[in-house]
Protein chains: 2
Amino acid sequence: MLAPDHLSSTFQALADPTRRAILARLSKGEASVTELAAPFSMSMPAISKHLKVLERASLISRGKEAQWRPCKLEAAPLEAASDWVEQYRAMWEARFDRLDAYLKEVQEKEVKPTTRKRNAKGKR
Amino acid sequence: MLAPDHLSSTFQALADPTRRAILARLSKGEASVTELAAPFSMSMPAISKHLKVLERASLISRGKEAQWRPCKLEAAPLEAASDWVEQYRAMWEARFDRLDAYLKEVQEKEVKPTTRKRNAKGKR
DNA sequence: AATGTATATAACCAAACGGTTAAATACAAA
DNA sequence: TTTGTATTTAACCGTTTGGTTATATACATT
């Protein structure tokens, strides 16, 4: 079950570059705490705390193999976060589309209307 | 220009329900500070601080009309945030697809393989 | 010029954050 | 049973966060 305010804890967990890097690493497969800590010049307890934040946000889950506690990515909360962001991104784009339509209408009788390139990256 | 670690400040700005509600309101159009504050049982300075956080993250921009400082949504940082999240969401889905393929292969000779419904919401 | 309205700033506070070092725990191997 | 390795917990520390109240600023109206 996701935490009461799961969106807040998800975003908060994502708001740290170390934690995002850990998630990036985990997207390539499970890893132990020591493996995850390797790239950082940071104490083990610091990493342990970051992992706890990620775990609290259900962004990772942890196993138990001898003395190792392997971590793996859990993407369900990412889905909710993505949905939230997309909602407003889409609204913003819709607004631009309406503006485009309006400008097109207004400039209907212009001699050479400048071709507007709205979304250069052209995604989705 | 976006801040040095713009992803962190974007996610951090999104990690508060009041600020997300403000963005939701702004997605329906510009609004003054007092209008934005209305739904909340919170002092004006508190709202003012939230707006400053959103502004620092470039999620909103502000105008000047007499004694009003109207806020409007700026979706560019949402795009970056969305892209980041989508990247890992997609990876996670790809992993599931591979698992699906594997399971399909393994169960090839089963009598009546149960139809697995992976992504019930079926988005994108 | 005085008053009212919209907003921001200052000063303060408790709690959370992100790190540290030192010590405890859990298991494996010798 | 001792030693080594992996990880967590405890205690601490400075900074940031999210709120408060009181005060200042900016502009409009009378």
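Proteins get letters first, then strands, A, B, ... in listed order; numbering begins at 1 in each. Side chains are part of it too, since the values below use all heavy atoms of this structure and drop only hydrogens, waters and symmetry mates.
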Looking at residues at least two apart in the chain, or sitting in another chain, which of them share a side chain to side chain contact (heavy atoms under 4.5 Å, CB included) with [X]?
| X | result |
| --- | --- |
| A:A38 | none |
| B:W68 | B:S32, B:A66, B:P70 |
| A:V33 | A:M44, A:I47, A:L51, A:R62 |

task: May I ask you to decide if the ring planes of A:F11 and A:W84 are parallel, tilted or perpendicular, using 30° and 60° as cut-offs?
output: perpendicular
Review item, nucleotides 1-11 of chain D N/O atoms under 3.5 Å of protein N/O:
unit_1, atom_1, unit_2, atom_2, d
D:dA6, O3', A:Q67, O, 3.4
D:dT7, OP1, A:V33, N, 3.3
D:dT7, OP1, A:R69, N, 3.4
D:dT7, OP2, A:T34, N, 2.8
D:dT7, OP2, A:T34, OG1, 2.0
D:dT8, OP1, A:R62, NH1, 2.9
D:dT8, OP1, A:R62, NH2, 3.3
D:dT8, OP2, A:S48, OG, 2.8
D:dT9, OP2, A:K52, NZ, 3.0

Between [X] ([atom1]) and [N] ([atom2]), how many Å, whole number?
| X | N | atom1 | atom2 | value |
| --- | --- | --- | --- | --- |
| B:F11 | D:dT16 | CZ | P | 22 Å |
| B:I47 | D:dT21 | CD1 | P | 14 Å |
| B:K64 | C:dA6 | NZ | P | 17 Å |

message: Filter on salt bridge (charged side-chain N to carboxylate O under 4.0 Å, His left out), then keep only pairs touching residues 63-72 of chain A, sequence neighbours left out; what's left?
response: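 Output for this query is empty, none listed.
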field: Where at least one partner belongs to residues 26-50 of chain A, residue pairs that pass salt bridge (charged side-chain N to carboxylate O under 4.0 Å, His left out), sequence neighbours excluded
entry: none
- request: Could you tell me whether the phosphate oxygens of D:dT17, OP1 or OP2, come under 4.0 Å of any side-chain nitrogen or oxygen in B:H50?
  value: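 So the side chain of B:H50 is outside the cut-off, no N or O lying under 4.0 Å from OP1 or OP2 of D:dT17.
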message: If you take any heavy atom closer than 4.0 Å to DNA chain C, which residues from residues 16-31 of chain B end up in contact?
response: none
task: Nearest-nucleotide wise, let me know which of A:Q12 and A:A66 is further upstream toward the 5' end of DNA chain C.
output: A:Q12
Test side-chain hydrogen bond (donor to acceptor under 3.5 Å, both in side chains) applied to B:E74 - qualifying residues, sequence neighbours left out: B:S61
query: Of all residues at least two apart in sequence or in a different chain, which pass the side-chain hydrogen bond (donor to acceptor under 3.5 Å, both in side chains) check with A:S27?
result: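 If we apply the side-chain hydrogen bond (donor to acceptor under 3.5 Å, both in side chains) test to A:S27, skipping adjacent residues, there are no hits.
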